[in-house]
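In this text the structure is predicted, and so the values were computed from the model without any measurement. Residue numbering restarts at 1 for every chain, and letters A, B, ... go by the order of the sequence lines.
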Amino acid sequence: MKTKFLSNILLTLIWVFLTGEYNLNNFLFGFVLSFVILWILSGVEDQGKLKYFKIVPRVISFIFFFIWELTKANIQVAYEVITPKFNMKPGIVALPLDAKTDLEITLLANLITLTPGTLALDVSSDRSVLYVHGMYVEDRKEFVEDIKQGFEKRLLEILR
Amino acid sequence: MRTIILKSASSYLLPVLLLFSVFILLRGHYLPGGGFVGGLVAAIAFVLDAFSNGLDKTKSVLKFHPGFLMPLGLLIAFFSGISPIIFTDMPLMTGLWAENPIPVIGYIGSALFFDLGVYLVVIGASLTIIFTISESA
Amino acid sequence: MLGAVLLGLLFSFFLVFAGSYFKGRLAVLSSLVPISLFVYFLTYIPDIAQGEIIYENYEWIPSFGVNLSFTLDGLALLFALMITGVGSLVFLYTSAYLKNHKYLDRFYGYLSLFMAAMLGLVLSDNLMSLFIFWELTSISSFYLIGFNNDKADSRKSALIALGITGIGGLLLLGGAVLLGDVAGTYRISEMLAMRDVISDSPHYLLILLLIFGAAFTKSAQFPFHFWLPGAMKAPTPVSTYLHSATMVKAGVYLLFRMSPVLSGGDIWHTILIAVGAITMVYSAIHIIFRTDLKGILAYSTISALGILVFLIGIGTQAALIAAAVFIVVHALYKASLFLITGIIDHETGTRDVTQLSGLRKVLMPVAIAGFIAALISGGVPPTLGFIGKDLIYESTLHYADSAILLTGLAIITKILLFYGGFVAGVKPFMGKLPEKFSKLHLPSPLMWVPPLIMTLAGIVFGVFPGLIESAFAKPIAMTQAINYEEFHLKLWHGFTTILGLSAITITAGTVLYFTIKPKHSLENFIAKFDVVAPKDLLIKLSEGFALFSRFWTNSFQTGYLRHYLSIIVGFLTLLLGYLIFSDFSLNIDVSTLADLTIYEISILIMLLLGVLYVVFTKSRLAAVAATGVVGLSFSLLFLFYSAPDLAMTQFSVDTLTVILFVLVLYKLPKYLKLSDSKLRIKHRILSISFGTLITLLILRVLNEPKNTEISEYYADYAYKLAHGKNIVNVILVDFRGIDTMIEISVLIVAALGVFGLLKLRLKTRDKK
Amino acid sequence: MEIILAIITGVLYASGVYMIMRRSMVKLILGIILLGNGVNLLIFLLGRITKGEPPIIDSAEKVLEGVYADPVPQALILTAIVISFGLQAFAIILVKRTYKVLKTDDLDQLNTTDEDS
Amino acid sequence: MTDILVYITSGLGAVFVLLAAIGTLRMPDQYLRISVNTKAATLGVGLLLTAAALFFLETSVTTRVIAVIIFIFITAPVGAHLIGRTSYFIGNALWGKSVTDDLKDKYNKITHELKGHEEKKENEDETKSKS
Amino acid sequence: MTNDIIILPLVVHLFFSILLMFFWNKVNFQKIVSVVGNAVALGVAIWVFIFVYNNGTYIVESGNWSAPFGIVFVGDMLAVTLVLLTAIAGFAVSIFSTISVIKARLRFGYFSVFHFLLLGLNGAFLTGDIFNLYVWFEIIIISSFVLISIGGEKNQLEGAVKYFALNFFASMIFLTALGVLYGLVGTLNMADISLKIAEVENRTLVEISAVLFLVGFGIKSAIFPLYFWLPASYHTPPSAVSAIFAGLLTKVGVYALIRVFALIYGGDSFLTILLLTLAILTIFSGGVGAIIQNNIKKVFMYFIICHIGFMIGGLALYTEIAMAGVIFYLIHDIIIKTNLFLMSGLIYRIKTTTNMKKLGGLYANYPKLSLLMAIPLFSLIGIPPLSGYWPKISLFLASFNAEEYWLFGALVFGSLITLIVIAKLWSEVFWKDQPQLDFPKKFIYFNQLRFGQKFTFIFPVAFLTFVTLYIGFGAEHIQQLSQRIATELMNNELYINAVLKQ
Amino acid sequence: MNVHDFLYYIILPILSISSLLVFVRFFKGPSIVDRVVALDLLITIGIGIIAIYSILSNKPTFLDISLVLALIAFLGTVAFAYYLEKRNKND
Ligand code: NA
Ligand code: NA
């Protein structure tokens with residue numbers, strides 16, 4: 001019930017953003033609209049349990065971390081792409097997962113993919129392993145640890 | 001497809017896309033968009049959901065059978081088309097407009113209902129087609 | 001007169017529903033219909049003899065000038081009495097001949113339908129209604145000829161007869177339409193006044209040819225005569241009624257009727273005389289080679305019809321009177337002979353004249369009738385046949401330069417007809433009665449009295465020719481001859497050339513009868529010439545035509561979709577090419593190319609290559625992906641050229657199509673390299689030509705100025721009146737909202753179709 | 001500009017027509033799609049093209065003034081696109097069903113209906 | 001000021017896009033191509049959209065741009081994941097110089113079930129022994 | 001209501017198709033509603049017909065936008081006549097469908113699609129806008145695709161694929177023509193086009209657009225050499241569907257040709273020669289095709305082609321008499337062709353086959369039914385005074401007046417072939433003894449049906465036969481109507497003035 | 001050089017060239033995966049082009065088109081993946 005209401009509000013906000021009209025009427029309209037959509041979709045389970053106040057600072061720091069990683073890796077890839085010789089040591093690495101929920105796994109995988117040089121290929125059916133394709137797998141342990149200590153840890157901090 | 005990643009991503013995308021589709025629908029009279037594209041976006045949202053969660057799940061999520069949306073949409077379009085015949089002495093499809101524009105949507109008129117009908121029909125038809133194919137694939 | 005025509009029609013309808021009561025003993029009651037009509041027409045004789053012409057007119061379809069206009073003059077009365085008179089006897093005869101037949105009621109139904117049609121034909125004053133009845137005779141005769149429809153032979157004969165008379169019918173319609181147009185009326189009586197207009201018309205020849213075509217097919221003139229012997233497959237009453245007395249004379253009637261209207265030019269006479277002469281001699285010779293009684297009668301009928309056409313061709317008053325009298329003569333003796341043949345066939349089970357002899361001992365009254373009929377046929381005094389023959393010679397003897405030739409031909413014909421009459425009417429009864437026939441006895445009087453009545457009438461009219469003269473000959477001469485002169489029919493003219501010719505005819509005929517016996521060897525001999533006979537030629541022609549039909553149809557209807565498409569595209573390419581190059585001009589404004597930006601160019605390149613990729617890739621899936629590229633390029637192109645709505649729609653639709661494709665494709669096999677390279681090159685050339693023409697077409701249209709009235713109106717009023725700012729959307733939901741309503745209906749139907757196509761499984765037993 | 005688009009339209013027509021004359025049903029449908037695109041482009045082009053001026057009235061205005069693209073061909077093409085979509089969807093399924101029943105993608109195997117029976 | 005931001009964002013965006021394009025063209029196997037293109041393009045297009053937002057400086061535009069960016073950032077990696085694993089299914093080999101392939105023989109050929117458990121244990125053991 | 005009277009037939013059919021979709025699974029309800037709907041449509045069509053007959057051409061401007069800015073519906077005599085004929089045929093076929101179409105098909109939206117089809121036909125006849133005509137055409141073809149292929153087994157699917165491909169191509173050519181026309185005159189209203197096209201200086205381009213229309217419509221109306229899809233596909237679906245196809249689908253192509261050529265391209269000499277040649281070849285091809293067929297449905301199929309040639313020939317002559325002939329023939333043809341296919345369905349139900357070689361003995365078994373069937377067959381041949389006869393008078397006369405003797409020859413040829421083939425058909429199907437048949441098991445034969453079911457089978461045939469008889473014997477009325485329509489067509493300023501209110 | 005010129009003469013050409021480069025990959029394949037990836041990237045670049053184009057033509061509303069594009073491109077990729085997996089399974 002609560003999560004429904006929150007989703008409703010969230011959707012309403014998205015609507016208001018989307019339309020770009022910030023006034024009561026539009027808010028109400030968006031609310032009704034979101035309500036209808038949620039009603040129609042009432043089968044969808046809500047996985048998000050949002051604890052706003054704890055999360056916000058972590059999210060911000062995470063975003064900066066992510067941007068930093070993104071830039072770093074992009075430069076590496078850019079260099080690789082432009083220079084005539086390939087220096088990569090690519091490979092597919094099995095990454096044991098601490099992330100458990102769908103949301104956690106998905107976010108982790110997406111972030112890994114968005115970071116240049118790595119691509120989350122698939123999650124094992126028992127959700128225990130994330131297979132990641134990396135461009136620079138010089139040392140697979142280091143590769144695994146980087147991700148686990150970097151993305152996964154920070155992400156789980158936010159989400160749990 | 002059995003992939004958690006797609007599944008959870010799409011469950012968040014679905015409501016947002018539906019919202020977006022209504023947005024596209026409503027602004028059609030003023031800016032690019034309209035019932036057809038709006039309907040397609042909505043349909044695509046459901047198709048996406050079907051790809052990731054399986055058809056049965058998507059069907060249970062949808063309150064109505066998509067087949068029902070087709071006649072419903074057409075009925076709305078039909079009534080907005082013939083309402084001038086019934087309510088006034090004007091030829092069919094004559095635009096009937098409320099005196100003043102309302103916020104968000106602008107002028108409310110039969111054309112809007114017409115576009116809504118289009119929207120529903122497009123959702124219904126696209127989904128019927130794609131669901132049928134998926135089921136018998 | 002309308003009532004007279006309707007009576008037959010109604011009676012036949014009546015039989016459809018109440019037919020079961022008219023089988024068996026009550027069947028004879030059907031004869032009351034023709035008999036009462038016969039009596040009805042008899043009552044008109046006094047008036048007609050006075051020179052009166054009776055008209056009746058009923059509006060029917062004035063827009064076409066088609067009305068039920070009836071006229072009763074001498075000619076019509078002659079035919080009407082013949083139709084109802086012979087009809088009465090045939091109806092009576094049938095009740096015995098087809099006694100206990102399962103479908104006797106149907107037979108009477110067709111017969112009375114036919115009689116009504118025939119009456120309508122001869123009574124019509126309107127060429128169109130004449131045509132209508134004309135066609136009705138063809139149809140009812142189709143049913144009568146094919147009456148024994150369980151036999152393949154009967155069906156085939158019915159088809160051939162219908163085919164030939166069908167051609168004639170269409171030609172008659174053509175002729176009638178044209179004649180009506182030239183004359184300004186369809187009423188024959190009114191056309192008389194237009195005689196000169198018609199013969200001066202540029203269409204005169206065409207009219208004649210069309211009318212002749214109709215008459216010659218219906219009246220079995222050479223070379224269309226062959227359907228008649230075939231039609232003898234029909235039951236004897238049909239042969240009697242249709243193929244001797246009435247229907248075959250419809251063509252003759254038409255010529256007779258139209259002769260005052262159309263005989264203005266020489267061509268009329270030349271053709272009719274030629275065709276009539278060929279027919280009468282050609283088929284008279286055939287008589288010698290026949291052994292089947294009906295065959296003999298059929299050819300002698302054709303010959304008689306030839307004589308009639310020949311006489312009408314001569315067209316003098318004498319010839320027309322001769323024709324009128326000969327019509328009566330022929331009806332009397334030929335109908336009798338057919339009925340007699342029917343009795344013989346009915347009793348002995350054979351019509352082979354070589355097998356038949358001595359039947360007088362068991363069928364005496366029939367033998368008497370046969371003998372008299374032969375006398376009439378041979379033109380022996382004092383029968384009406386004698387008068388008829390004399391009249392013929394008289395008219396040929398006085399015909400311009402070719403009198404001798406024509407008379408000669410007439411004599412030869414008459415000699416052969418004499419022979420034919422005796423072989424059919426006398427020979428079966430003479431000589432020794434074979435053992436197998438000794439137990440025969442006389443059939444019901446309903447069968448033998450009718451021929452006897454007719455032959456006796458032949459004698460009565462011979463002795464009292466005044467009856468014929470006043471009732472028919474004079475009225476006919478008055479209406480049909482161009483310049484009427486007084487005349488009298490007489491049995492005895494004194495010792496004249498004609499009497500000499502008659503004597504020669506009778507003598508020669510008698511000699512022939514005693515020298516030439518019908519033999520199968522003769523029949524086999526003539527069969528050798530069948531290869532060149534019109535019938536076989538026609539059959540070959542129709543087989544050839546069927547072959548050609550198959551070839552033509554199969555060479556187009558190959559079953560290969562690409563073949564159909566290539567023909568259609570080829571056809572279009574030809575037309576477009578012809579038009580575009582017929583006044584070729586090309587003003588290309590190259591300056592606009594300077595405006596091209598790099599993004600446009602790259603998108604155009606992508607579009608172009610994407611398209612080519614779709615065409616040439618060997619991977620089906622890659623092709624589908626490439627359509628995605630094409631869709632994207634299109635979408636961007638639309639965006640650059642001010643069509644954002646299109647951009648969105650095009651792209652979403654293309655993607656959805658790709659998805660559908662993808663969902664469906666995985667069950668399909670891989671591309672095969674199927675078509676051979678020759679065909680591929682052909683198709684490429686075709687496609688490229690087509691595409692080039694489209695490009696040229698576009699460039700030329702772009703050179704023309706464009707009217708912008710509509711779009712300006714929309715620009716001005718989309719917001720003011722329709723409250724929308726996106727004009728494309730306003731057009732879609734308002735200005736042209738109907739389009740959209742139907743467009744979504746299309747989507748719905750497509751969805752229903754998809755649903756049904758995939759979900760509906762017919763169980764085998766439900767299949768259809 | 002127009003000349004290039006005209007040529008591309010020609011190419012689309014040619015390719016479409018060429019593809020529908022192949023034996024594979026899949027190619028037939030691809031041909032139909034190409035041809036449909038060609039037709040849309042033709043209408044678009046013959047309605048005269050205008051760069052960067054969509055027929056949308058500015059939020060501050062009440063009428064459309066100055067240079068603008070003709071909205072009519074756009075509306076027509078939109079309708080045609082949607083209709084073609086319906087037809088194509090149906091055609092794709094038809095192909096699927098035909099394949100299922102006849103076990104072939106080869107159009108040349110589909111000629112029994114023209115034989116006389 | 002905003003002009004300069006527009007220059008920078010759009011310029012960077014274009015460069016990233018170009019890099020993605022070159023990468024897609026040059027990279028030796030499917031996985032590397034997917035890898036390169038997803039991020040470079042996502043970042044590049046994100047920057048280009050940002051440029052638009054900066055240029056217009058209208059809330060409605062900005063929110064829309066944010067919506068598009070978020071959307072791309074959600075969908076692009078999911079798409080990459082999908083197509084990447086598909087690539088593995090259909091048997092696209094890794095580049096010859098690849099160092100490891102932990103996925104090898106992990107997929108059930110028929111059900112496409114993906115094993116992971118044993119691998120995890122192994123890893124755990126390793127981790128334990130390390131610490 | 002009377003303001004919109006012209007479009008009431010559209011409203012009725014659209015309403016019923018929507019209604020039927022809501023009751024997707026209720027087959028019996030669908031049957032009743034569809035028949036009621038068609039009865040209502042028939043009533044409305046009669047009302048509309050009488051209204052226009054008395055008041056003259058009537059215009060409805062949809063959206064209240066005056067022509068040429070909105071889509072107008074034009075109820076001239078031609079349009080409302082065709083609407084009436086559609087209603088008659090639709091009514092008969094809907095009744096026939098309730099008994100002859102199997103339940104499984106009915107459960108998959110048969111009736112709804114059927115109403116969409118009729119909607120499309122009515123729309124095509126009534127619209128005054130060329131693009132709108134395209135849209136109506138599309139609803140017609142998609143509906144026909146669906147009807148032809150739903151539940152399709154081998155033959156239906158084969159037929160459907162070809163039908164689809166060629167009709168889609170036709171639509172594309174139609175659109176191409178439309179694009180060219182719009183590029184030249186910038187308008188879509190047919191009356192407006194008619195006015196504005198006169199100002200186009202480049203007549204070649206006008207002719208090209210005409211040729212494109214000719215091919216586009218020609219494929220739909222099955223003229224030579226564009227008819228190939230028809231013999232391959234029309235005989236495959238259930239008879240009720242074939243009936244409506246045969247009666248109306250090709251005719252809507254003919255209608256479009258008539259409308260466009262009379263209104264826009266009238267009298268162009270190149271087109272005249274082209275149409276004339278095509279007409280002659282169409283008659284010929286249809287005729288020779290009919291000769292060699294053994295399946296009665298296929299025979300009728302080729303007759304459709306052959307007789308389309310008659311109408312195209314008349315159109316080519318482009319005189320008032322010829323046009324009257326064409327219209328009369330069109331009226332006759334719609335009813336008769338519909339009926340022929342219903343009859344073949346009836347024959348199938350009786351004998352489980354429509355192959356002439358396997359058929360026989362119908363006359364012996366069902367004499368009254370056979371005689372009933374004989375009437376349409378004779379009307380098809382044009383035995384006077386039945387319906388097929390009358391238009392020939394006009395067509396013959398017109399071809400003589402134009403001195404087009406080849407056309408006259410073709411008309412005679414076509415009529416003769418019709419006569420011979422139908423006579424052959426009669427002889428084979430009705431006269432010949434029944435050959436041994438291997439009867440499928442579990443097939444419900446005609447004589448096993450209850451009286452009501454038999455009646456439902458026969459009533460539509462009898463009803464259409466009655467209409468045919470009326471056309472034949474009441475030819476005066478039909479001819480007056482045809483002449484009136486011809487006059488309206490030949491004087492297109494009447495139409496233009498009515499639409500543009502000049 | 002103002003913003004317009006910069007975008008017009010530098011950014012757009014770069015994007016255009018990028019799209020052509022990607023198109024080359026589309027052509028070369030060799031795997032269907034390459035083509036799907038290339039198509040996806042093409043659409044992504046298309047979104048970028050639209051963004052720049054909306055600046056150049058001063059029509060922010062075009063950005064909505066980019067959202068539709070993004071949405072649908074994603075769906076296309078999903079569909080191809082779905083297809084390829086399913087086909088693979090059935091073999
Ligand atoms: Na490198
Ligand atoms: Na309106």
Quiz prompt | Residue Val77(A) versus chain E: region with a heavy atom under 4.5 Å | solution = side chain

Practice problem: Report, by ascending residue number, the residues of residues 42-50 of chain E in heavy-atom contact with chain A at a distance under 4.5 Å; give 'none' if the set is empty. | Solution: Thr42(E), Leu43(E)

Practice problem: Over 60° means perpendicular and under 30° means parallel, so classify the ring planes of Trp95(E) and Phe86(A), tilted if in between. | Solution: perpendicular

Quiz item: If every non-hydrogen atom of Val36(E) is compared with every non-hydrogen atom of Thr24(E), which pair is closest and at what distance?
Solution: CG1-N, 4.4 Å

Exercise. Could you look at Thr106(A) and say if it's the side chain, the backbone, both or neither that has a heavy atom under 4.5 Å from chain E?
Key: neither

Quiz item: Nearest 0.5 Å, what's the CD-CG distance between Gln76(A) and Asn87(A)?
Solution: 10.0 Å

Self-check item: Phe73(E), part contacting chain A, at a heavy-atom distance under 4.5 Å
Solution: both

Quiz prompt | Identified side chain to side chain donor-acceptor pair (under 3.5 Å) counterpart of Tyr136(A) within the set Glu80(A), Lys89(A), Glu142(A) | solution = Glu80(A)

Quiz prompt | Enclosure of Ile4(E) CD1 (heavy-atom neighbours >12, cutoff 6.0 Å) | solution = no

Exercise. Please look at Val132(A) and chain E and tell me whether the side chain, the backbone, both or neither of the residue comes under 4.5 angstrom of a heavy atom of that chain.
Key: neither

Quiz item: chain A: which of Thr38(E), Val15(E), Leu94(E), Leu25(E) shares the most heavy-atom pairs with it under 4.5 Å?
Solution: Leu94(E)

Self-check item: Whether over 12 other heavy atoms sit under 6.0 Å from Phe65(A) CZ
Solution: yes

Quiz prompt | Qualifying residues under ring-ring contact (aromatic ring centres under 6.0 Å, His included), relative to Tyr7(E), sequence neighbours excluded | solution = Phe6(G)

Quiz prompt | Results of ring-ring contact (aromatic ring centres under 6.0 Å, His included) for Phe55(E) - residues two or more places apart only | solution = none

Quiz item: salt bridge (Lys or Arg N to Asp or Glu O under 4.0 Å) with Lys148(A): which residues, sequence neighbours excluded?
Solution: Asp98(A), Glu152(A)

Quiz item: Using a cut-off of under 4.5 Å for heavy-atom pairs, which of Pro90(A), Ala109(A), Ala78(A), Gly91(A) has the most such pairs with chain E?
Solution: Pro90(A)

Exercise. Please flag which part of Ala80(E) lies under 4.5 Å from any non-hydrogen atom of chain A: side chain, backbone, both or neither.
Key: both

